[in-house]
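Read the structure below first, then the notes.
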Amino acid sequence: MSTSKPVSTLELERPDKGALFVVTGPSGVGKSTLIRALMSRLPDLQFSVSATTRPPREGEVHGRDYHFLTQEGFAERLERGEFLEYATVYDRRYGTLRAPVEAAIDAGQSVLLDIDVQGARQVKQAYPGCIRVFILPPSVAALEQRLRTRGTDSEEVLRRRMSQVDEQLRGAPEFDYVVVNDKLHVAEAVFQGIFLAELSRIPRRRAAIDRVLAELQGPERPPL
Ligand code: ADP
Ligand code: 5GP
């Protein structure tokens, strides 16, 4: 449980330029949990709603959690070049729609993608400046336990998800940051710290520096 006062990028002042964040990790590691907590603290960050051919889970809302498409609907969009990246994960297709991401970046807004390792590689090609964060479980056994506890998947789907854990985990060293999601409050703090630090990089904060430096030249400089 976190005790500190929530920090908002609105309070922090919006950076001059948006950043593109990619969050990846095996299914059940806690990505959605960490992202939900982050988004409540950084409301200025835009979550990219992916398209998928998998059916909605209980409580998932079309357009908020995913754009749930038929196989044909997905294929048509793919044909039209609407995806920034896409992959087949656990026998289902998933893809990031290009238009909303590009619009947000052009408007100076930061965007977060929750995508798998194959997708993260494609985004790195398209946006070499993206920031990639890998969420690692404390152990493979803990990961399986979390998937079972979540209780959203049948035994067959669970087995399929576990069979692709290797591919996801082996991609971890390619990333810029790793967050070990063992104790949730620790992982939340580390995860949020990465975003706050990245949004504080000089190229994204030039305006704040220039504003204060301009005071040094202004006629109304108050006496020290
Ligand atoms: P993902 O989005 O990566 O598939 P979820 O966020 O749905 O994973 O988390 C999977 C399950 O693990 C959920 O039931 C969630 O409440 C639980 N969980 C997340 N983080 C932790 C943690 N640090 N310790 C124990 N359980 C966790
Ligand atoms: P889930 O079915 O549990 O929501 O997601 C399964 C996996 O698909 C997760 O690893 C998630 O990160 C990945 N995923 C979700 N959306 C996308 C996407 O748009 N592109 C890619 N490549 N992977 C995605």
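Start at 1 and go down the list; that is how both ligands and their atoms are numbered.
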Backbone or side-chain N or O of Lys183 under 3.5 Å from ligand 1 N or O
no
Option set Ile115, Val123, Asp116, Leu97, criterion heavy-atom distance to atom 22 (N) of ligand 2, minimum
Asp116
Find all atoms of ligand 2 within a distance of less than 4.0 Å from any non-hydrogen atom belonging to Ala87, and give their numbers and elements.
22 (N)
Is there at least one pair of N or O atoms, one from Ala51 and one from ligand 2, spaced under 3.5 Å apart?
no
The answer for which part of Lys31 has a heavy atom under 4.0 Å from ligand 2 is side chain
With a cutoff of 4.0 Å, is Gly28 in contact with ligand 1, counting heavy atoms of the residue only?
yes
Could you tell me whether ligand 2 has any atom less than 4.0 Å away from a heavy atom of Arg92?
no
Atom 11 (C) of ligand 1: closest protein heavy atom, distance to 0.1 Å, is Arg146 O, 3.8 Å
With a 3.5 Å cut-off and no angle check, do the side chains of Thr53 and Arg92 form a donor-acceptor pair?
no
My understanding is that we take every heavy atom of each candidate and find the minimum distance to atom 3 (O) of ligand 2. Doing that for Gln168, Arg54, Arg57, His67, which one comes out nearest?
Arg57
Looking only at atom types and distance, does a side-chain atom of Arg146 sit under 3.5 Å from a main-chain N or O of Val29, one as donor and one as acceptor?
yes
After noting the C-alpha distance and the side-chain angles of Leu158 and Arg148, does the key distance pass the side-chain contact (heavy atoms from CB on, under 4.5 Å) rule?
CA-CA 8 Å; Leu158 209 138; Arg148 288 185 185 282; 4.0 Å; yes
Out of all atoms in ligand 2, which are within 4.0 Å of some heavy atom of Gly119? Include the element for each.
22 (N)
Restricting to heavy atoms, the pick from Leu143, Thr33, Val29 nearest atom 5 (P) of ligand 1 would be Thr33
Does a sphere of radius 6.0 Å around CZ in Arg57 hold more than 12 heavy atoms from other residues, nucleotides or ligands, not counting ones at 6.0 Å or beyond?
yes
What residue and atom, counting heavy atoms only, is the protein's closest point to atom 7 (C) of ligand 2, and at what distance?
Tyr90 CE1, 3.7 Å
Got a salt bridge between Glu167 and Arg170, using NZ or NE/NH1/NH2 to carboxylate O under 4.0 Å?
no
So is Gly25 in contact with ligand 2, going by heavy-atom distances below 4.0 Å?
yes
Salt-bridged, Arg211 to Glu215, with N to O below 4.0 Å?
no
Taking Ser48 for its side chain and Val101 for its backbone only, find out whether a donor-acceptor pair lies under 3.5 Å.
no
Looking only at heavy atoms, which two atoms of Leu143 and Gly28 are closest? And how far apart?
CD1-C, 3.6 Å
Give a yes/no on ligand 1: does Asp182 have at least one heavy atom closer than 4.0 angstrom to it?
yes
Nearest protein heavy atom to atom 20 (N) of ligand 1, by residue and atom, and its distance?
Asn181 ND2, 3.0 Å
Tell me: protein heavy atom nearest atom 16 (N) of ligand 2, and distance?
Ser50 OG, 3.1 Å
Testing the 3.5 Å rule here: is there a donor-acceptor pair between the side chains of Tyr86 and Gln122?
no
Determine whether any heavy atom of Ser27 lies closer than 4.0 Å to an atom of ligand 1.
yes
Is Glu144 paired with Arg159 through a side-chain N to carboxylate O contact shorter than 4.0 Å?
no
Examine distances only and state if a side-chain atom of Lys124 and a backbone atom of Glu174 form a donor-acceptor pair shorter than 3.5 Å.
no
Considering heavy atoms of the protein only, find what lies nearest to atom 8 (O) of ligand 1 and give residue, atom and distance to 0.1 Å.
Gly30 N, 3.1 Å
Near Asp114, which atoms of ligand 2 are under 4.0 Å from a heavy atom of that residue?
11 (C), 12 (O), 14 (N), 15 (C), 16 (N), 17 (C), 24 (C)
Give a yes or no on whether the backbone of Arg132 and the side-chain of Asp176 come within a donor-acceptor separation of less than 3.5 Å.
yes
Looking at atom 2 (O) of ligand 1, what's its closest protein heavy atom, distance included?
Ser32 OG, 2.6 Å
I'd like to know if the side chain of Glu85 and the backbone of Ala120 have a donor-acceptor N/O pair within less than 3.5 Å.
no
Ligand 2 atoms in contact with Arg161 (distance to a heavy atom under 4.0 Å)
1 (P), 2 (O), 3 (O), 6 (C)
Ranking Arg57, Arg150, Gln145 by closest non-hydrogen atom to atom 7 (O) of ligand 1, top hit is Arg150
Atom 5 (O) of ligand 2: nearest protein contact (heavy atom, Å):
Tyr66 OH, 3.3 Å
Test ring-ring contact (aromatic ring centres under 6.0 Å, His included) applied to Phe195 - qualifying residues, sequence neighbours left out
Phe21, Phe191
Give me the residue, atom name and distance of the protein heavy atom closest to atom 20 (N) of ligand 2.
Glu85 OE2, 2.7 Å
